[in-house]
Amino acid sequence: MGTVPFEPVPRKAKEGLFLERVLVVDDEPSIVTLLRFNLEKAGFSVMTAEDGNTGLEMAMKEKPDFIVLDLMLPGMDGMDVCKRLRQEKVNTPILMLTAKDDEFDKVLGLELGADDYLTKPFSPREVIARVKAILRRSNMNEIPEPVTKDEVIEIGQLTVFPEKYEAVLSGEKLELTPKEFELLLYLANNQGKVLSRHQLLDAVWNYDFAGDSRIVDVHISHLREKIEEDTKQPVYIKTIRGFGYKLEKP
């Protein structure tokens with residue numbers, strides 16, 4: 001009860017390619033049916049859970065490629081599921097669903113490690129667009145190619161490896177989510193340039209994003225926590241008041 005078991009056999013597509021697997025965690029049967037139908041129609045393999053505890057267990061055990069996670073769930077809520085996954089170093093992309101029109105809930109979800117959010121009611125087309133956009137980035141590091149010196153970006157003690165989807169600070173590898181890395185990479189590729197929040201939103205979240213630029217601020221905050229020695233006095237990622245941010249050498 002509570003899950004639709006995932007069977008590994010259907011993962012192979014007709015052309016011999018592997019389907020990307022999406023775990024949908026939601027307790028509303030109508031939402032689950034809608035998402036399953038449209039995700040499978042778009043070429044994904046879908047497994048489901050209808051409570052937070054089962055969703056967490058499946059995410060840890062089955063290691064899906066993507067998670068669509070409802071905020072309000074029986075037992076463990078979506079916030080706690082997201083938090084637990086990130087604490088366990090599970091960086092699977094997460095799209096949070098919320099029925100609340102509450103900015104605090106949305107921002108808190110992003111602060112806990114969700115990659116994006118959608119407010120119910122939503123269109124299936126929008127869900128598919130978001131899933132594809134986020135997966136397109138996270139999948140870029142599945143088969144890393146050899147890195148040459150020309151492919152390395154060095155900024156002070158910070159080194160970014162675009163092809164490996166890795167960043168190192170003072171010899172220590174940074175634990176970044178796919179979205180955090182994309183944001184860091186874009187800032188690094190535009191080192192010294194002042195970038196507006198809307199520029200960053202368009203470049204890193206390159207689909208028709210329905211929210212506001214607060215999502216950029218949240219991810220900048222995440223990066224600073226992992227890069228800056230003192231987040232209140234950052235030396236790498238500088239805030240340009242009333243406009244945006246820039247990444248520069250200390």
Side-chain angles (χ1 to χ4, degrees), residues 2-4 6 20-60 62-87 90-138 177-180 201 204-205 207-216 218-219 222:
T3 68
V4 176
F6 169 67
E20 287 166 306
R21 299 168 299 159
V22 178
L23 170 61
V24 175
V25 187
D26 199 301
D27 64 329
E28 296 184 51
S30 60
I31 296 293
V32 172
T33 299
L34 179 69
L35 289 174
R36 173 185 282 279
F37 174 79
N38 285 279
L39 285 165
E40 289 181 343
K41 185 178 179 181
F44 295 99
S45 176
V46 180
M47 47 186 164
T48 68
E50 60 185 33
D51 63 79
N53 297 89
T54 305
L56 176 64
E57 181 181 349
M58 292 183 70
M60 298 291 292
E62 303 291 352
K63 303 186 187 308
D65 301 295
F66 198 96
I67 301 172
V68 179
L69 179 64
D70 189 31
L71 174 64
M72 303 300 293
L73 292 167
M76 183 183 297
D77 66 23
M79 293 291 192
D80 287 334
V81 173
C82 184
K83 183 178 180 180
R84 283 285 301 278
L85 288 173
R86 296 313 187 219
Q87 287 176 340
V90 176
N91 287 327
T92 305
I94 296 174
L95 174 64
M96 188 81 76
L97 303 179
T98 172
K100 293 184 177 181
D101 188 18
D102 187 335
E103 187 63 27
F104 175 78
D105 284 333
K106 298 169 185 175
V107 172
L108 179 59
L110 295 171
E111 289 175 344
L112 291 176
D115 293 86
D116 204 350
Y117 66 83
L118 269 178
T119 301
K120 297 179 181 179
F122 52 78
S123 73
R125 179 179 296 181
E126 179 69 359
V127 174
I128 300 302
R130 305 246 181 147
V131 171
K132 287 183 176 180
I134 297 170
L135 276 175
R136 185 163 56 246
R137 287 176 163 76
S138 63
T177 67
K179 191 64 68 178
E180 289 167 1
L201 189 62
V204 180
W205 289 264
Y207 44 76
D208 187 17
F209 185 68
D212 60 36
S213 59
R214 182 64 192 275
I215 190 173
V216 176
V218 170
H219 282 77
H222 290 170

Any donor-acceptor pair under 3.5 Å from E126 side chain to S123 backbone: no
Requested in this report: Please lay out, stage by stage, how L35 and V46 fare under the test side-chain contact (heavy atoms from CB on, under 4.5 Å).
Outcome: CA-CA 9 Å; L35 289 174; V46 180; over 6 Å; no
Practice item. Evaluate the side-chain contact (heavy atoms from CB on, under 4.5 Å) criterion for residues L135 and E20: first the C-alpha distance (whole Å), next the side-chain angles of each, then the deciding distance (0.1 Å), finally the verdict. Key: CA-CA 9 Å; L135 276 175; E20 287 166 306; 3.9 Å; yes
Heavy-atom nearest pair, P64 first then L23, reads CG-CB, 3.8 Å
Looking only at heavy atoms, the pair that brings D51 and P74 closest together is CB-O, 3.7 Å
Sorted by chain and number, sequence neighbours left out, side chain to side chain contact (heavy atoms under 4.5 Å, CB included) with E57 holds for none
Residue set satisfying side chain to side chain contact (heavy atoms under 4.5 Å, CB included) with T92, at least two apart, ordered chain then number -> I67, V90
Q. Is the closest side-chain heavy-atom distance between K132 and F66 below 4.5 Å?
A. no
Sorted by chain and residue number, the ring-ring contact (aromatic ring centres under 6.0 Å, His included) partners of H219 (sequence neighbours excluded) come out as W205, H222
Here the salt bridge (charged side-chain N to carboxylate O under 4.0 Å, His left out) pairs for residues 23-35, sequence neighbours left out, are D26-K120, E28-K120
One should read off an interatomic distance between M96 CE and D116 CG, to the nearest 0.5 angstrom, of 10.5 Å
Side chain to side chain contact (heavy atoms under 4.5 Å, CB included) filter on T33, not counting sequence neighbours, yields none
Notebook entry, point to check: Hey, is R86 close enough to D115 for a salt bridge, meaning N to O under 4.0 Å?
Noted result: yes
The side chain to side chain contact (heavy atoms under 4.5 Å, CB included) partner of V25 among L97, L73, V32 is L73
When every non-hydrogen atom of Y117 is compared with those of L95, the smallest separation belongs to N-CD1, 3.8 Å
Quick note, side-chain hydrogen bond (donor to acceptor under 3.5 Å, both in side chains) partners involving residues 72-83, not counting sequence neighbours, are none
Residues N38 and I128: closest non-hydrogen pair is O-CD1, 3.7 Å
query = Should T98 and M72 be marked as a side-chain contact (heavy atoms from CB on, under 4.5 Å) after you check the CA-CA gap, both sets of side-chain angles, and the distance that decides it?
reply = CA-CA 7 Å; T98 172; M72 303 300 293; over 6 Å; no
Closest non-hydrogen contact found for I134 with P93 is CG2-CB, 3.5 Å
The salt bridge (charged side-chain N to carboxylate O under 4.0 Å, His left out) partners of R84 (sequence neighbours excluded) come to none
Run the numbers on I31 and D70 for side-chain contact (heavy atoms from CB on, under 4.5 Å), then give the verdict.
CA-CA 10 Å; I31 296 293; D70 189 31; over 6 Å; no
In this structure, CZ of R21 is separated from NZ of K63 (nearest 0.5 Å) by 9.5 Å
